[in-house]
> 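I have a structure here, written as structure tokens, and I will follow up with some questions on it.
Throughout, a chain's letter reflects where its sequence line sits, starting with A, and its residues are numbered from 1. The analysis underlying the following values was restricted to heavy atoms, covering all of them including side chains, and did not include hydrogens, waters or symmetry mates.
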Amino acid sequence: MYNDIIKLPFQKSLSKLNINEIIDINFEFPKNPEHGDLSTNIAMQLAGKLKKQPRQIAQDIIDTIEPDKELIDKIDIAGGGFINIKFTKKFYSLALKNIYKFGDEFGKSKRENELKVNVEYVSVNPTGLLHLGHGRNACIGDTLANLYEWMGYKVTREYYFNNAGNQMNNLAKSIYARYRQQLDNPDYPFPENGYHGDYIKEIASELIIEQKENLILENEENLTSIRKYGEKWCFAKIKNTLERMSIHQDLYYNEDSLYSDGKINEVIDFFKKNKLAYEKDGALWLSLSKMGLEDDRVIVKSTGEPTYRLPDIAYHREKFLRGYDILIDIFGSDHIATVPDVLAGVKALGFNPDMVKVYIHQFVTLTENGEQIKMSKRTGKNYTLDDLLDEVGPDVVRFFLIMRGISTHLEFDLGLAREQSEKNPVFYLQYAHARLCSIFDNAELKGIKLSGKIDFNLLEHETEIRLIKQIMNFPGSIETACNKGEPQILADYLRELASAFHVFYHECRILDAEADLCSARLALAKVTQIAIKNGLTILGITAPARM
RNA sequence: GGUCCCGUAGCUCAGUUGGAUAGAGCACAGGUUUCCUAAACCUGGGGCCAUAGGUUCGAAUCCUAUCGGGAUCACCA
């Protein structure tokens with residue numbers, strides 16, 4: 001609504017002044033309330049181009065602008081040339097009235113052309129259990145997928161994995177060693193780079209119960225069936241862990257199908273045909289230097305096996321061919337080096353690399369009482385995501401894993417997460433929702449119904465206005481969080497919304513107010529409740545009715 | 001050594017397409033309940049925005065260098 005009410009008068013004013021510079025008029029919400037409700041630095045931006053004093057330009061604009069007096073209280077100049085706008089109370093009541101019509105759908109955007117988005121996340125090979133880093137990846141990916149859905153995109157959630165290759169053989173050998181150690185030979189040697197986690201022992205004991213000594217010979221056939229057993233076991237665990245956090249993915253794409261369907265060869269042929277790949281030292285090299293990167297890289301080893309780059313490129317091509325308009329990748333920082341290669345490959349294949357959005361998150365450290373809890377692989381004492389879910393529950397895990405910007409190292413404070421009190425930030429949001437639910441419970445007991453005509457103009461208390469302002473920003477915060485790939489933005493927004501609500505609740509009686517005012521405040525509470533609930537839903541966190 | 005991320009209050013972090021007096025939560029000190037959930041609200045102290053230069057009307061934000069922490073740099077994935 002800002003566009004029609006604010007931007008248009010400004011544009012008209014500029015054209016009246018014969019200022020034809022092509023410039024986007026930026027509005028922002030001033031931090032300092034003395035600077036009005038909305039401000040723009042347009043005069044300062046124009047100053048350089050027009051070679052005039054910013055304050056003079058601002059004055060000219062104000063002299064010619066014709067705002068809607070019902071909605072805009074005043075427009076004035078401040079500082080070096082800021083133009084500050086103050087809305088009338090009616091502006092806010094009108095805004096709330098419009099929002100109220102959305103009902104439960106508040107925050108959801110509709111798009112005319114429904115673009116298809118593929119969000120790929122988690123994507124852990126079935127060789128082990130999920131740890132905290134995977135959890136961060138999963139929560140970022142899932143929240144981002146939710147954000148895209150709320151923005152009106154058609155979203156597919158995808159999991160990419162590879163159940164072939166060295167890692168899986170390694171898993172099989174590790175399980176086999178534990179199997180023998182438990183079955184008949186405690187000194188059976190463990191593979192040098194094997195998986196040391198305790199879960200391998202668990203798999204082995206289950207294998208013994210199921211297969212007895214049937215697999216005792218170390219031959220190809222037995223290792224294959226052990227590998228399959230291990231894969232199935234790990235995948236079941238992974239899916240179960242994700243399930244506990246309400247993460248459900250639509251598609252599990254196996255790297256193997258890129259080979260079996262000939263997609264790898266299609267890509268190789270394309271590169272060869274277009275002179276973007278060449279043979280050297282018995283290997284096939286991709287001419288990344290022709291694509292703007294430093295060094296060429298091997299895509300098919302001299303042994304005939306592809307390196308990871310080739311399937312990664314083929315996989316992105318495959319997703320584009322499936323008809324997605326936008327591809328989202330969520331990677332941990334350890335995958336950072338592969339990104340330029342893949343994007344260059346995608347571009348060479350004729351796809352727009354700008355439509356591939358790669359979000360890279362940094363690592364997670366677990367701390368307690370200021371000390372870091374080691375998650376060493378060598379000792380095998382991995383603190384898994386399941387352990388964390390057992391301790392603090394899915395709501396806290398999901399919130400903690402997205403409450404920081406994705407490019408910073410995330411310190412997961414176990415002590416704080418365990419805290420079942422006001423110190424724990426997730427409860428602050430949930431409490432606001434529970435409080436709201438309780439208001440509506442009480443309203444029902446008193447026979448107060450939210451229906452009929454609501455006079456939104458009655459809402460003019462300072463805390464009511466502040467709350468309405470905050471509510472108005474809900475769709476914007478979803479959009480920003482989505483565009484920037486930063487779920488944290490929504491989490492921060494919700495904390496501010498909850499805060500605005502708590503203050504309003506503290507200052508204004510709702511159910512005891514005179515009937516018309518009661519209705520208006522109840523309507524405000526309703527919209528707040530919807531925004532908090534929808535926001536929490538996007539973050540994958542429950543909105544309890546009672547606490 | 002090259003590349004990427006980070007360095008902001010005691011702690012954990014926002015703010016980084018350049019804008020007004022640098023923010024929040026926690027911690028610390030104090031206050032608020034005959035009243036819809038006090039898991040709430042209010043007040044207060046707390047800063048050389050890692051360091052040094054530069055760009056300009058204006059820099060936490062952009063550029064250069066340096067220091068510190070992390071990641072990554074294979075015919076491993």
> List, with names and distances, any nitrogen or oxygen atoms from the protein found under 3.5 Å away from nitrogen or oxygen atoms belonging to nucleotides 61-63 of chain B.
none

> For atom CG of A:Asn166, decide whether the heavy atoms of other residues, nucleotides or ligands shown that lie under 6.0 angstrom number more than 12.
no
> Nearest to the side chain of A:Asp334 - B:rG19, B:rC36, B:rA71?
B:rA71
> Looking at A:Ser407, I'd like to know whether one of its side-chain N or O atoms comes within less than 4.0 Å of OP1 or OP2 on B:rC6.
yes
> Heavy atoms from C-beta onward define the side chain here; which of B:rA20, B:rA71, B:rC75 lies closest to that of A:Asn84?
B:rA20
> Which is true for A:Arg546 with a 4.0 Å heavy-atom rule: it touches a base, it touches only sugar-phosphate, or it touches nothing?
base
> Under 4.0 Å between any heavy atoms, over every strand shown, what does A:Cys508 touch: base, sugar-phosphate, or nothing? Just pick one.
base
> Heavy atoms under 4.0 Å, any strand shown: does A:Asp492 hit a base, just sugar-phosphate, or nothing?
sugar-phosphate
> Using the C1' atoms only, state how far B:rG18 lies from B:rA24, rounded to an integer number of Å.
23 Å
> Regarding A:Thr408, tell me which of base, sugar-phosphate or nothing describes its non-hydrogen contacts under 4.0 Å with the strands shown.
sugar-phosphate
> Would you mind telling me which of B:rA74, B:rU16, B:rA39 lies closest to the side-chain atoms of A:Lys484?
B:rU16
> Under 4.0 Å between any heavy atoms, over every strand shown, what does A:His35 touch: base, sugar-phosphate, or nothing? Just pick one.
base
> Hey, would you say the A:Tyr428 and A:Phe399 ring centroids sit under 6.0 Å apart?
no
> Considering just the side-chain nitrogens and oxygens of A:Lys423, establish if one lies under 4.0 Å of OP1 or OP2 belonging to B:rG25.
no
> Who is the Watson-Crick or G-U wobble partner of B:rA65, with both distances under 3.5 Å?
B:rU51
> Applying a 4.0 Å non-hydrogen cut-off, can you work out what A:Ala545 is touching in the nucleic acid: base, sugar-phosphate, or nothing?
base
> Measuring from the side chain of A:Glu411 (C-beta onward, heavy atoms only), which nucleotide among B:rA77, B:rA39, B:rU12 has the closest atom?
B:rU12
> State which of B:rC42, B:rG19, B:rA77 makes the closest approach to the side chain of A:Phe82.
B:rG19
> Between A:Lys469 and A:Phe29, is NZ or CZ placed under 6.0 angstrom from the six-membered ring centre and within 45° of the ring axis?
no
> With a non-hydrogen cut-off below 4.0 angstrom, is A:Asp312 in contact with a base, only sugar-phosphate, or nothing?
nothing
> I want to verify a distance call: between B:rC73, B:rA14, B:rA71, whose nearest atom is closest to the A:Ala337 side chain?
B:rC73
> Using purine N1 to pyrimidine N3 plus N6-O4 or O6-N4 for Watson-Crick, or N1-O2 and O6-N3 for G-U wobble, both under 3.5 Å, which nucleotide pairs with B:rG18?
none
> Across all strands, who's sitting opposite B:rA71 as a Watson-Crick or G-U wobble pair, both distances under 3.5 Å?
B:rU3
> Does the side-chain ring of A:His506 lie flat on the base of B:rA40, meaning centres under 5.5 Å and planes less than 30 degrees apart?
no
> Counting side-chain heavy atoms from C-beta on, which of B:rG70, B:rC36, B:rA20 comes nearest to A:Gln362?
B:rG70
> Looking at B:rC5, B:rA20, B:rA40, which one has an atom nearest to any side-chain atom of A:Tyr428?
B:rA40
> What nucleotide among B:rA39, B:rU12, B:rC36 has an atom nearest to a side-chain atom of A:Asn442?
B:rC36
> How is A:Gly405 classified with respect to the nucleic acid when contacts are heavy atoms under 4.0 Å: base, sugar-phosphate, or nothing?
sugar-phosphate
> Just the rounded figure in Å: distance from C1' of B:rG23 to CD of A:Glu28.
15 Å
> Please name the pair of heavy atoms, one in A:Leu327 and one in A:His316, separated by the smallest distance, quoted to 0.1 Å.
CD1-O, 3.7 Å
> Applying a 4.0 Å non-hydrogen cut-off, can you work out what A:Ser39 is touching in the nucleic acid: base, sugar-phosphate, or nothing?
base
> Tell me which nucleotide, if any, is Watson-Crick or G-U wobble paired with B:rA24 when both distances must be under 3.5 Å.
B:rU12
> Applying the Watson-Crick and G-U wobble criteria at under 3.5 Å, what pairs with B:rU56? Answer none if nothing qualifies.
none
> My understanding is that a pair needs two contacts under 3.5 Å, Watson-Crick or G-U wobble. By that rule, which nucleotide pairs with B:rA40?
B:rU32
> Step by step, work out the side-chain contact (heavy atoms from CB on, under 4.5 Å) result for A:Gln470 and A:Tyr493.
CA-CA 8 Å; A:Gln470 192 61 31; A:Tyr493 165 80; 3.0 Å; yes
> Mind listing the closest non-hydrogen atom pair of A:Asn254 and A:Asn162 along with its distance?
OD1-CA, 4.1 Å
> Assign A:Ser333 to base, sugar-phosphate, or nothing according to its heavy-atom contacts below 4.0 angstrom with the strands shown.
sugar-phosphate
> From the set B:rC75, B:rA20, B:rA40, return the single nucleotide nearest to any side-chain atom of A:Glu422.
B:rA40
> Which is true for A:Glu419 with a 4.0 Å heavy-atom rule: it touches a base, it touches only sugar-phosphate, or it touches nothing?
nothing
